[in-house]
Chemist: 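Starting off with a structure, shown below.
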Amino acid sequence: MRLSTRNALLILLTMLLAVGLTACGGGKDEPAAQQPEDDAANGAQVAAQPGDDPLYATAKYLLDNAVSSLIGVTSNGEDVVFIQTPDVAAVAFVSDEGKSISFVGAYEATSTQIAITDETSNTTFGMEIIQVFEDGSFVADMGDLGEIAFNGTDAQTAVTALLLINGLTEPIA
């Protein structure tokens, strides 16, 4: 049986959430392990810290500052993740073939439109909200690219999905 990239991403996301919930210890307060004050002085090699990785730094920034986190699907069947902070927005699309495209950077927004300019490629992605439902979900129009049906989600789920898309797909732009 062959899993589609979409199903594989959903399974991995579910597993990561389960591990995260299990790893939290169920609310037990246990003392943290004591670290030597200076690993280098004790002859141990000091590993790179997560903050040294630009992808980790971006993910942490999005997680810590998210004001809007959405997941959705396009009219072409592509999965979409969107995260917005006060000054940066990120959107990523992934196809069933395992190809992805993302835009991360500064944005301009109105009450019904958003345009994200990717900080690496300087390419702009835009969408316009065309229908809002009572439960807060909505449909956005991407012009010639079709429509996206969005639902709200928590920032942790959206950032995890972005990291999975980054690590498990072939970026085409």
Side-chain angles (χ1 to χ4, degrees), residues 3-14 16-17 48-173:
L3 285 176
S4 71
T5 301
R6 180 180 185 180
N7 289 340
L9 287 172
L10 289 173
I11 290 168
L12 284 171
L13 180 59
T14 303
L16 280 174
L17 290 174
Q49 297 299 309
D52 296 339
D53 179 8
L55 179 62
Y56 177 87
T58 300
K60 178 146 179 45
Y61 180 81
L62 291 171
L63 182 61
D64 291 347
N65 297 286
V67 294
S68 179
S69 303
L70 308 166
I71 55 173
V73 63
T74 69
S75 51
N76 297 325
E78 298 170 322
D79 292 317
V80 184
V81 179
F82 174 84
I83 302 174
Q84 179 182 354
T85 72
D87 57 344
V88 173
V91 64
F93 300 84
V94 62
S95 69
D96 282 338
E97 295 84 33
K99 300 195 185 295
S100 64
I101 186 168
S102 62
F103 300 86
V104 179
Y107 67 91
E108 293 182 24
T110 67
S111 61
T112 60
Q113 296 181 334
I114 187 165
I116 305 168
T117 301
D118 185 71
E119 60 189 26
T120 304
S121 68
N122 207 31
T123 305
T124 300
F125 163 78
M127 63 182 169
E128 179 178 7
I129 298 171
I130 55 175
Q131 187 174 7
V132 179
F133 300 98
E134 288 182 23
D135 65 358
S137 62
F138 64 92
V139 176
D141 181 20
M142 301 180 296
D144 293 341
L145 301 174
E147 295 179 351
I148 306 172
F150 275 118
N151 287 300
T153 190
D154 61 282
Q156 180 70 50
T157 300
V159 169
T160 301
L162 281 175
L163 291 172
L164 286 171
I165 289 169
N166 183 72
L168 298 175
T169 64
E170 177 186 342
I172 57 174

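What you are looking at is a predicted structure, and each value in this text was computed from that prediction instead of being measured. Just so you know, residue 1 is the first one in the sequence shown, and it goes up from there.
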Chemist: How are the rings of F125 and F103 set relative to one another: parallel (under 30°), tilted (30 to 60°) or perpendicular (over 60°)?
Modeler: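 Aromatic pair F125/F103 classed parallel.
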Chemist: Please give me the minimum heavy-atom distance between L145 and S75, naming the atom from each residue.
Modeler: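 Scanning both residues, the minimum pair turns out to be O-OG, 4.5 Å.
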Chemist: Which distance, rounded to the nearest 0.5 Å, do you find between the CD of E108 and the OG1 of T117?
Modeler: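 Interatomic distance, E108 CD to T117 OG1, rounded to 0.5 Å: 7.0 Å.
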Chemist: Between F93 and I172, is the side chain to side chain contact (heavy atoms under 4.5 Å, CB included) condition met? List the steps.
Modeler: CA-CA 10 Å; F93 300 84; I172 57 174; over 6 Å; no
Chemist: Among T123, V91, V104, exactly one meets side-chain contact (heavy atoms from CB on, under 4.5 Å) together with I116. Which residue is that?
Modeler: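 Of the listed options, the one satisfying the test is V91.
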Chemist: Tell me, with the steps shown, if F150 and I129 meet side chain to side chain contact (heavy atoms under 4.5 Å, CB included).
Modeler: CA-CA 10 Å; F150 275 118; I129 298 171; over 6 Å; no
Chemist: Minimum heavy-atom separation for G152 to L70, with atom names?
Modeler: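 Here G152 and L70 meet closest at CA-CD2, 3.8 Å.
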Chemist: Nearest 0.5 Å please: distance from the CG atom of D118 over to the OG atom of S102.
Modeler: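 Going from CG on D118 over to OG on S102, the span is 6.5 Å.
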Chemist: Any chance CG of N122 has more than 12 other-residue heavy atoms, nucleotides or ligands included, within less than 6.0 Å?
Modeler: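 For N122, atom CG is not crowded (no more than 12 foreign heavy atoms under 6.0 Å).
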Chemist: Does Q113, at its CD atom, have more than 12 non-hydrogen atoms belonging to other residues, nucleotides or ligands within less than 6.0 Å?
Modeler: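 Counting other residues, nucleotides and ligands, CD of Q113 exceeds 12 neighbours.
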Chemist: Please find the pair of heavy atoms, one from A66 and one from A155, that lie closest to each other, and give the distance.
Modeler: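 The answer is CB-CB, 3.7 Å.
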Chemist: Which distance, rounded to the nearest 0.5 Å, do you find between the CZ of F82 and the CG of L162?
Modeler: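 So the CZ of F82 and the CG of L162 are separated by 10.5 Å.
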Chemist: Roughly how far, to the nearest 0.5 Å, is CG of N151 from CZ of F133?
Modeler: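 The CZ atom of F133 sits 9.5 Å away from the CG atom of N151.
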Chemist: Report yes or no: does T110 contribute a side-chain atom to a donor-acceptor pair with the main-chain N or O of T112 at less than 3.5 Å?
Modeler: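 Side chain of T110 to backbone of T112: a pair is present.
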Chemist: I'd like to know if the side chain of T74 pairs up with that of N76 as donor and acceptor (distance under 3.5 Å, no hydrogens or angles considered).
Modeler: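 No, no side-chain donor-acceptor pair sits under 3.5 Å.
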Chemist: Just how far is it from atom CG of L63 to atom OG1 of T157, taken to the nearest 0.5 Å?
Modeler: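 It comes to 10.0 Å.
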Chemist: Measure from the side-chain N and O atoms of Y107 to the backbone N and O of P86, and report whether any donor-acceptor pair falls under 3.5 Å.
Modeler: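 Between the backbone of P86 and the side chain of Y107 there is a qualifying donor-acceptor contact (under 3.5 Å).
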Chemist: Could you tell me whether the side chain of T169 and the main chain of I165 form a donor-acceptor pair under 3.5 Å?
Modeler: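 Confirmed, T169 side chain pairs with I165 backbone.
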Chemist: Walk me through it: do I71 and D79 pass the test side chain to side chain contact (heavy atoms under 4.5 Å, CB included)?
Modeler: CA-CA 8 Å; I71 55 173; D79 292 317; over 6 Å; no
Chemist: Please round to the nearest 0.5 Å and tell me the distance separating atom OG1 of T124 and atom CD1 of I114.
Modeler: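 These two atoms lie 11.5 Å from each other.
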Chemist: For M127 and A140, work out which heavy atoms get closest and say how close.
Modeler: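 Taking every non-hydrogen atom into account, SD-CB, 3.9 Å.
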